[in-house]
Participant: 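The structure's right below; bear with me while I get my questions together.
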Amino acid sequence: MARFRFHFGRTVQHFRRYRHILAVLMKYGLIEMGEGLARKLKSALGRRAVPERVRKRTLSGGRPQRLRAALQELGPTFIKLGQLLSTRPDVLPAEYILELEHLQDNVPPEPFERVRVEAERELGGRLEDLFASFDTTPLASASIAQVYAAVTREGERVVVKIRRPDIVRTIRTECEILEDLSGALKSMLGSDINIDPHRIIREFTNAVVKEVDFSNELENLVRFGRYFRQDPAVHVPRPFETFCTRGVLTMERIDGIKPNNVKAIDAAGLDRKEIARRGANFVLRQIFDFGFFHTDPHPGNLLICPGNVVVPLDFGQAARLSRSERQMLGELMIAVVDDDARRAVRAFQRMDMVTEETHLGRLVSDAEELIETYHDLPLGEIPFTRLSTQIFDLIRRHHVRPPPEFTLMLKSMMTIESVAVTLDPDFQIIEYLRPFARRIQLEQISPRRTLRQAMRAVRDAADLAGNLPEDISAILEKFKRGQFQLHVQHEHLENLTRTIDVSASQISFALIIAGLLIGSSLLVTRTGMLLGLVYIQTLGVLGYVAAAVLGAWLLVSMLRGRRF
């Protein structure tokens, strides 16, 4: 059953919105969530909080179709939530992804006079004084902003993206409601969906808060422009920072053809194969060269200009990719080519993607079955989109949790491949991925990288040696006080037993060495002979030698992973 976290003050403040949500959920047959919400509303606000006219009415279509229809009717914030979920094949099955990809946030435009007030407040002047001309009919109208054509006083053609009035307050309110309803998200999707709703809502809130602040989009626009300044195949629109604020973004206006308009591209005499190649390289360079990429390169966010030049648009959605996440993609590709499922699983473990619910043996077995399907194929013939979909299915089935950025990276590559296939039916993005994957593999075995790793290992060993006396002293002190505890998290009892055995042996040897060092230190300060046979100071020196030999043996054994 869905869990709700109502805050009474919020519930009263957003009372009408809750009633509307309840009515829509029941209308589209999302019964489990609707019933849970109705009970909570009755508990918080009384029976009259739930309108009697609301009745359960299951409509035609499966749950994915009904979910999309409900999100569409609930408005802009819920639509954006659906769009976020459509980029997460690691948490949703393919049928949900395909359905939610159809969500559109085209909404009726605000009256221009209201938008004018917002723009003039942000820019600090009248539009007539700031621009030579300003078209009052929007080029596009979305949930967060409206876009207008204008001409600057210097004669530059620009587009001006203006944030909708009161949208920040609306987004804040809707995010509060989504936070309260996050426990019900799992019920909306169905009990068979493995999802952490609170994590998804947090990710969504962070993303949408960034999106309504156009200073983030301006920063992305400048950054992409710098990356592709010397690339004749890509043109990033130039921003006009004088007319940019947190609520207004102004950039160069570009006239071009959408990449899915094949007839117009052919009529303009452009090279479809070249456009497909350039589009793929545009995305792959972002991922592997810069580690910063446009997360939604769908046809609506791209234009094609004369000379087969690719023009990206809408830079509000971008993500940073760490080197380790890029390397993991290379590891997965190498695992497929080398028929090494355990390598792929080890990559998941290194990235801390494996959860307590994951059964490693079954994960390896299923990964082997998946890889065997493709490992005999040349790299260029492996169907990337199908392989990625199967990887996401494997991840979801075994409760593996990849970083959101890694998921967005694969989804971005799948999106650009679908765009490219529209232009060139023989296109395979994995063929263009080959040199990037090979470069990752070479980087992993390069002398420079090996030297860096060796230097890091030496520094770590030096730190360990420097801290060892203090650590031994702390262990001895805990033993004296009876406070020594060993906390172990295990997956197999046999491994646990082996670990305890090795740890106990190592601790015993460490204590023996520590005892020799302490005893020898006491002896070397004494004078005289023991039983008239040997000097006491000589025994101290022999104790130091024995401690050194045992310490070296202990260190070598630890490095080799041997048992004592």
Side-chain angles (χ1 to χ4, degrees), residues 83 86-87 89 94 97-104 106 139-140 224-225 227-228 230-237 252-290 293-315 317-318 329 333 374 377-390 392 408-437:
Q83 291 173 337
S86 75
T87 66
I97 298 295
L98 291 173
E99 193 63 35
L100 294 178
E101 283 177 343
H102 296 144
L103 281 170
Q104 301 293 326
N106 291 323
L139 296 172
F224 279 115
Y227 288 154
F228 290 98
Q230 305 299 325
D231 190 341
V234 177
H235 178 76
V236 178
E252 173 188 8
R253 181 173 182 180
I254 306 292
D255 295 320
I257 304 170
K258 295 293 182 186
N260 57 349
N261 191 347
V262 176
K263 290 184 178 179
I265 289 174
D266 289 340
L270 301 177
D271 186 337
R272 284 193 278 155
K273 288 183 180 291
E274 179 64 14
I275 294 169
R277 185 187 68 81
R278 290 184 172 186
N281 281 330
F282 167 67
V283 170
L284 294 175
R285 284 196 64 201
Q286 292 173 59
I287 292 171
F288 292 100
D289 291 347
F290 312 130
F293 64 102
H294 193 302
T295 62
D296 196 19
H298 66 77
N301 285 338
L302 297 171
L303 289 175
I304 309 301
C305 291
N308 304 308
V309 175
V310 177
V311 180
L313 305 172
D314 192 356
F315 297 86
Q317 299 180 40
L329 178 61
M333 299 305 302
Y374 298 106
L377 293 176
L379 186 62
E381 296 180 15
I382 296 176
F384 179 79
T385 297
R386 190 171 73 187
L387 174 61
S388 298
T389 301
Q390 291 172 323
F392 282 131
L408 289 171
M409 171 187 68
L410 283 182
K411 188 67 167 62
S412 178
M413 292 167 64
M414 292 165 66
T415 301
I416 198 64
E417 182 179 50
S418 68
V419 173
V421 167
T422 303
L423 298 165
D424 177 10
D426 297 326
F427 183 86
Q428 288 275 11
I429 195 171
I430 206 162
E431 187 68 37
Y432 297 90
L433 181 61
R434 185 205 301 268
F436 293 98

Participant: Only one of Ile430, Leu284, Leu408 forms a side-chain contact (heavy atoms from CB on, under 4.5 Å) with Met413, so which one is it?
Facilitator: Leu284

Participant: Please find the pair of heavy atoms, one from Ser412 and one from Val283, that lie closest to each other, and give the distance.
Facilitator: OG-CG1, 3.7 Å

Participant: Using the ring-ring contact (aromatic ring centres under 6.0 Å, His included) criterion, which residues pair with Phe293? Sequence neighbours excluded.
Facilitator: none

Participant: Going by the rule salt bridge (charged side-chain N to carboxylate O under 4.0 Å, His left out), which residues pair with Arg277 if we only count those two or more places apart in sequence or in a different chain?
Facilitator: Glu274

Participant: Applying side-chain hydrogen bond (donor to acceptor under 3.5 Å, both in side chains), name anything that partners Asp231, two or more places apart in sequence or on another chain.
Facilitator: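 Arg285.
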
Participant: For a 4.5 angstrom cut-off between non-hydrogen side-chain atoms, does Asn301 reach Pro312?
Facilitator: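 Sidechains of Pro312 and Asn301: no contact.
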
Participant: If the condition is salt bridge (charged side-chain N to carboxylate O under 4.0 Å, His left out), which residues does Glu252 pass it with, not counting sequence neighbours?
Facilitator: none

Participant: Under the salt bridge (charged side-chain N to carboxylate O under 4.0 Å, His left out) test, which residues partner Lys273, sequence neighbours left out?
Facilitator: Asp424

Participant: Go through it in stages, so that I can follow the logic: the residues are Ile265 and Val262, the test is side chain to side chain contact (heavy atoms under 4.5 Å, CB included), and I'd like the CA-CA distance, side-chain angles, deciding distance and then a yes or no.
Facilitator: CA-CA 5 Å; Ile265 289 174; Val262 176; 5.6 Å; no

Participant: Taking side chain to side chain contact (heavy atoms under 4.5 Å, CB included) as the definition, give me every residue that meets it alongside Gln390, ordered by chain and number, with sequence neighbours left out.
Facilitator: Leu370, Tyr374, Arg386

Participant: Ignoring hydrogens, what is the shortest heavy-atom contact between Pro297 and Val419? Give both atom names and the distance.
Facilitator: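 Closest pair (atom of Pro297, atom of Val419, distance): O-CG2, 4.0 Å.
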
Participant: Could you tell me which non-hydrogen atom of Ser388 sits nearest to which non-hydrogen atom of Leu410, and how far apart they are?
Facilitator: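 Here Ser388 and Leu410 meet closest at OG-CD2, 4.3 Å.
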
Participant: Salt bridge (charged side-chain N to carboxylate O under 4.0 Å, His left out) with Asp296: which residues, sequence neighbours excluded?
Facilitator: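 Salt bridge (charged side-chain N to carboxylate O under 4.0 Å, His left out) check on Asp296 returns nothing, list empty.
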
Participant: Taking all heavy atoms of Val309 and all of Val234, pick out the closest pair and write down the distance.
Facilitator: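 Smallest heavy-atom distance, with atoms named: CG1-C, 4.1 Å.
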
Participant: Where the side chain of Thr422 meets the backbone of Asn260, is there a donor-acceptor pair that is under 3.5 Å apart?
Facilitator: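 No, the answer is negative, given that no donor and acceptor are paired below the 3.5 Å cut-off.
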
Participant: Does the side chain to side chain contact (heavy atoms under 4.5 Å, CB included) test come out yes or no for Ile97 and Lys411, once each step is laid out?
Facilitator: CA-CA 11 Å; Ile97 298 295; Lys411 188 67 167 62; 4.1 Å; yes

Participant: Provide the full list of ring-ring contact (aromatic ring centres under 6.0 Å, His included) pairs with a residue in residues 253-280, sequence neighbours left out, each pair given once.
Facilitator: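 Residue pairs with at least one partner in residues 253-280: there are none.
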
Participant: Would you name the heavy atoms of Met414 and Thr389 that are closest together and state the gap between them?
Facilitator: CE-OG1, 3.7 Å

Participant: If you apply the rule side chain to side chain contact (heavy atoms under 4.5 Å, CB included), what do you find for Leu302 with Ile416, and how did you get there?
Facilitator: CA-CA 10 Å; Leu302 297 171; Ile416 198 64; 4.0 Å; yes

Participant: How many angstroms lie between CD1 in Ile275 and CG in Asn308, if you round to the nearest 0.5 Å?
Facilitator: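 Reported value, rounded in 0.5 Å steps: 4.5 Å.
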
Participant: Any pair with a residue in residues 408-434 that passes ring-ring contact (aromatic ring centres under 6.0 Å, His included), sequence neighbours left out, goes on the list, sorted by first then second residue, please.
Facilitator: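 For residues 408-434, and leaving out neighbouring residues, the ring-ring contact (aromatic ring centres under 6.0 Å, His included) pairs sorted by first residue read Phe427-Tyr432.
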
Participant: Going by ring-ring contact (aromatic ring centres under 6.0 Å, His included), name the residues that satisfy it together with Phe290, two or more places apart in sequence or in a different chain.
Facilitator: Tyr227, Phe228

Participant: Give every residue pair that meets the salt bridge (charged side-chain N to carboxylate O under 4.0 Å, His left out) criterion with at least one member in residues 254-266, sequence neighbours excluded.
Facilitator: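 Every salt bridge (charged side-chain N to carboxylate O under 4.0 Å, His left out) pair that includes a residue of residues 254-266, provided the two are not neighbours, is Arg157-Asp255, Arg253-Asp255, Asp266-Arg272.
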
Participant: Mind checking the OG1-CE spacing from Thr295 to Met409? Nearest 0.5 Å is all I need.
Facilitator: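 It comes to 13.0 Å.
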
Participant: Identify, with sequence neighbours excluded, every residue that meets side-chain hydrogen bond (donor to acceptor under 3.5 Å, both in side chains) alongside Thr385.
Facilitator: Glu417

Participant: Using modelled atom types and a 3.5 Å cut-off, is there a donor and acceptor pairing between side-chain atoms of Arg278 and backbone atoms of Val310?
Facilitator: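 No, the answer is negative, given that no donor and acceptor are paired below the 3.5 Å cut-off.
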
Participant: Taking all non-hydrogen atoms of both residues, which atom of Cys305 and which atom of Val311 are closest, and how far apart?
Facilitator: SG-CG2, 3.6 Å

